[in-house]
Protein chains: 2
Amino acid sequence: MRPDAVRGHLDGLILAVLEDGPRHGYAIIEALQTRSGGALDLPTGTVYPALRRLERAALLSGTWSTVAGRERRTYTLTRSGRHALAGQRAEWNEFSAVVDAVLRPAAGRPAGGLS
Amino acid sequence: MRPDAVRGHLDGLILAVLEDGPRHGYAIIEALQTRSGGALDLPTGTVYPALRRLERAALLSGTWSTVAGRERRTYTLTRSGRHALAGQRAEWNEFSAVVDAVLRPAAGRPAGGLS
DNA sequence: ATACATATGTAGGCACTCTACTTATAGCTT
DNA sequence: AAGCTATAAGTAGAGTGCCTACATATGTAT
């Protein structure tokens, strides 16, 4: 998968991972890898700024802690974050249906548009 | 659907429309609307530059003509364009499977990642 | 005459992800 | 002891690509 592909959908992916419970950035990156079967290997330079952005937008709240001598910032979904996640899921469903419909070869598209 | 959503997937959508046969820019925009059931209403400032970009990349070839007093640039899929379309379809299938897998709520994800 | 549909395009802005780099601790290997 | 890898968080700067807004022109309908 080309590196840029998640553009515009990263927020939803992060929110979805955090739905299972609070996690820190590094763990979020690993969860994204696991859940995607290894296809998603996002660089820290992508994820950490995204987390700060989501926190600024009040979709996440973050708190510092020290675990085994290492600084961690643990993020938790806020109520608006949960709401935003629902919205992202709805948007994704619509979007993927649209792209499926347009991308489908002529043979499979009987002059009807979206089914 | 938010305006920006097609980012990174527009090339594939245009290529797919052109698979049915040559079309000019304005007709491509209309075809995109029709095939998407009205969800895709792309501004000319998005589509025309994309067409020029795809032509520069030799995925399309364009020719001028005059129809009913109006200038048209008609675009045709090249051989590499057809090849690129196949690649875009494959990429889309992988990408949408990945996003589906990550976005799916915990209840539907039995600790397995991609099915 | 005025408006709308058809048709193509440019300029500038903006948001988001990427690459590359920096900093720091813990644990393991050589 | 030195070096490497994993863990952990970040910044700086670049590039891409879609958007808004604007400019231009012809044909058709009101």
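In the text below, chain A, chain B and the rest are named by the order of the sequence lines, each starting its count at 1. For clarity, every value in this text was computed on a predicted model and none was experimentally measured.
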Whole-Å distance between dA12(D) P and Y48(A) OH?
17 Å
Contact summary for A58(A) and T78(A), nearest pair of heavy atoms:
O-OG1, 2.7 Å
From CD1 of I29(A) over to P of dA8(D), roughly how many Å is that when rounded to an integer?
11 Å
Go through DNA chain C in 5' to 3' direction and return only the first and the last nucleotide with some atom under 4.0 Å of chain B's heavy atoms.
dA5(C) to dT10(C)
Using a cut-off of 6.0 Å, state whether more than 12 heavy atoms not belonging to R79(A) lie near its atom CZ.
no
Contact residues, residues 65-74 of chain A to DNA chain D [heavy atom, < 4.0 Å]
R70(A), E71(A), R72(A), R73(A)
R2(A) has an atom CZ; how far is it from atom C1' of dG15(D), in whole Å?
14 Å
What does G45(A) touch in the nucleic acid at a heavy-atom separation under 4.0 angstrom: a base, only the sugar-phosphate, or nothing?
base
Rounded to the Å, how far apart are L42(A) CG and dA8(D) C1'?
16 Å
d(CD, Q33(A); C1', dA8(D)) in whole Å:
14 Å
Between P of dT16(D) and CG of D4(B), the distance in whole Å
17 Å
Give the minimum heavy-atom separation between R35(B) and R104(A), together with the two atoms involved.
NH1-O, 3.9 Å
Got S65(B) and T63(B) here, is their nearest side-chain heavy-atom distance under 4.5 Å?
no
Of all the heavy-atom pairs spanning V17(B) and R23(B), show the shortest one and how long it is.
CG1-CD, 3.8 Å
Are side-chain heavy atoms of L60(A) and L77(A) found at a separation under 4.5 Å?
yes
Note: for R53(B) and W64(A) on DNA chain D, the residue whose nearest nucleotide lies more 5' is W64(A)
What is the nucleic acid contact for P43(B), judged by heavy atoms within less than 4.0 Å: base, sugar-phosphate only, or nothing?
base
Is the closest side-chain heavy-atom distance between M1(B) and E91(A) below 4.5 Å?
no
Give the ring-plane orientation class for H24(B) versus Y26(B), where under 30° counts as parallel, over 60° as perpendicular and anything between as tilted.
parallel
Rounded distance in Å - CZ (R56(A)) to C1' (dG10(D)):
14 Å
Any carboxylate oxygen within less than 4.0 angstrom of a Lys/Arg side-chain nitrogen, looking at D11(B) and R53(B)?
yes
Nearest whole angstrom, please: distance from the P of dT16(D) to the NE2 of H9(B).
18 Å
